[in-house]
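Have a look at the structure below, then the notes.
Each ligand, and each atom within it, is numbered from 1 in the order the structure gives. Just so we're clear, the structure is a prediction, and the values are computed from it rather than from any experiment. The basis for the numbers below is simple: all heavy atoms, side chains too, and nothing from hydrogens, waters or symmetry mates.
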Amino acid sequence: KQRRFSVFAMAADESKREVPLKDYRNIGIMAHIDAGKTTTTERVLYYTGRNYKIGEVHEGTATMDWMEQEQERGITITSAATTTFWKNHRINIIDTPGHVDFMLEVERALRVLDGAICLFDSVAGVEPQSETVWRQADKYGVPRICFVNKMDRLGANFFRTRDMIVTNLGAKPLVIQLPVGAEDNFRGELAEEYRAQMIETIVELDDQAMESYLEGVEPDEETIKKLIRKGTIGISFVPVLCGSAFKNKGVQPLLDAVMDYLPSPVELPQMKGTDPENPEVTIERKASDDEPFSGLAFKIMTDPFVGSLTFVRVYSGKLSAGSYVLNANKGKKERIGRLLEMHANSREDVKVPLAGDIVALAGLKDTITGETLSDPDHPVVLERMDFPDPVIKVA
Ligand code: GDP
């Protein structure tokens, strides 16, 4: 903590990682209006925030006010990012609007996600708006896990929702947890027969695991997690869990699932871009602090205290206050002023954002959402990641 404010700290120390990049998760929560995104986000922040203590009530914080405002309006219209921590993993939650009226905003958010939680209402199942957002997520190859929420409701139907994931979304569900009990007495569990199904599905992704499996040896827990992550990257399948955010059921397993089943930036395909001077030249940027800086601006917000804030996803290299970056789309240099990191109930000044980070830059002049910022000596316009084709097709 202290290093951030120490004037004497060396530049190199400033950029030491608190959390290794393999333990980063940049995620969004996609949901149909009313499926419970606000409730789930609040619970997630409650369980993960390092400033939050279980059992304490936090009221009047900036985040809560903002959420209440959103709730009052009934639709989620703002997009920002919140940094939080779970079991030594750094989880950046990028707000993904759920309303199709904000499709452009949805696209911009989806573009910078490494993974997403798709939330469904267990009574309504997969609703039309979820289908629209799902297709957008397909376009950007966003790895996903599904959370069937509101399992406490009368008429909740986990299996119907699972079947709709197949018929309406064309995806292959991988049941990780299924409901035991109903309504108030519900809990999520992985029954033996589903565990067998799950293992049979995931060993298809790895010859060695398959060979061992055929000889009667099941993969160990770490291998299982690794194979599931591999499957989500190729969108070979989508892990499905269930719970009730409202009743605080299944939220912690959901956070574990983010950590276990969604990929870190280092597991994803490399970010590809082009040379702005020479658009035929393809450039790759590895998710690493040692690469030249590159990042994507995905949201501009006006903050009552700081003014205009440009939210940037850093893909490679690092940034520092006082330096210049190139807006590679416009060929204009921008000076980096104040750098901020948003937490659930606070904002922190950050000296040197690193690869994988989400940072809010104050005072950029020419940059709009969707544009690439890069090291002026190594210009790049970021395009996309090349995701592998699904290995397992829906039967
Ligand atoms: P959003 O529109 O997706 O952000 O949904 P909200 O989180 O605002 O939830 C919509 C409504 O569903 C609210 O009245 C919530 O209290 C309720 N809700 C959310 N999660 C659950 C749940 O797990 N069970 C039940 N019964 N209601 C829920």
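Looking at Ala245 next to ligand 1, an N or O pair under 3.5 Å apart turns up. Checking only distances, Gly36 does come within under 3.5 Å of ligand 1, N or O to N or O. The distance criterion of under 3.5 Å between nitrogen or oxygen atoms is met by Lys150 with respect to ligand 1. Ligand 1 has no nitrogen or oxygen under 3.5 angstrom from a nitrogen or oxygen of Ile33.
In terms of modelled atom types and a separation under 3.5 Å, the side chain of Asn26 and the main chain of Leu113 share no donor-acceptor contact. A distance-only check finds no donor-acceptor pair linking the side chain of Thr302 to the backbone of Gly307 [under 3.5 Å].
Taking a 4.0 Å cut-off on heavy atoms, Ala35 registers as neighbouring ligand 1.
When the heavy atoms of Thr38, Asp34, Thr40 are ranked by distance to atom 2 (O) of ligand 1, first place goes to Asp34. Of the listed residues (Lys37, Met30, Arg153), the one carrying the non-hydrogen atom nearest atom 1 (P) of ligand 1 is Lys37.
Residues meeting the side-chain hydrogen bond (donor to acceptor under 3.5 Å, both in side chains) test with Glu131, sequence neighbours left out: Asn168. Every residue was checked against the side-chain hydrogen bond (donor to acceptor under 3.5 Å, both in side chains) condition with Asp260, not counting sequence neighbours, and none meets it.
Counting heavy atoms closer than 4.0 Å to ligand 1, residue Thr39 contributes atoms from both its backbone and its side chain.
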CA sep, side-chain torsions, deciding dist, call: Arg144, Asp138, salt bridge (Lys or Arg N to Asp or Glu O under 4.0 Å):
CA-CA 10 Å; Arg144 271 152 274 178; Asp138 277 342; 2.9 Å; yes
Between Phe293 and Ser320, is a side chain to side chain contact (heavy atoms under 4.5 Å, CB included) present by the stated rule, with each step listed?
CA-CA 10 Å; Phe293 168 75; Ser320 55; over 6 Å; no
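Taking the centre and axis of the six-membered ring of Phe158, the NZ or CZ atom of Arg162 falls outside the cone set by 45° and 6.0 Å. Annotation: cation-pi pair Arg25/Trp86 absent, no NZ/CZ under 6.0 Å from the ring centroid and within 45° of its normal.
For ligand 1, the atoms sitting less than 4.0 Å from at least one non-hydrogen atom of Asn149 are 20 (N), 21 (C), 23 (O), numbered in the order shown with element in parentheses. Within ligand 1, counting atoms from 1 as listed, the ones closer than 4.0 Å to a heavy atom of His32 are 3 (O). Short contacts between ligand 1 and Ser244, defined as distances under 4.0 Å to a heavy atom of the residue, involve ligand atoms 22 (C), 23 (O), 24 (N).
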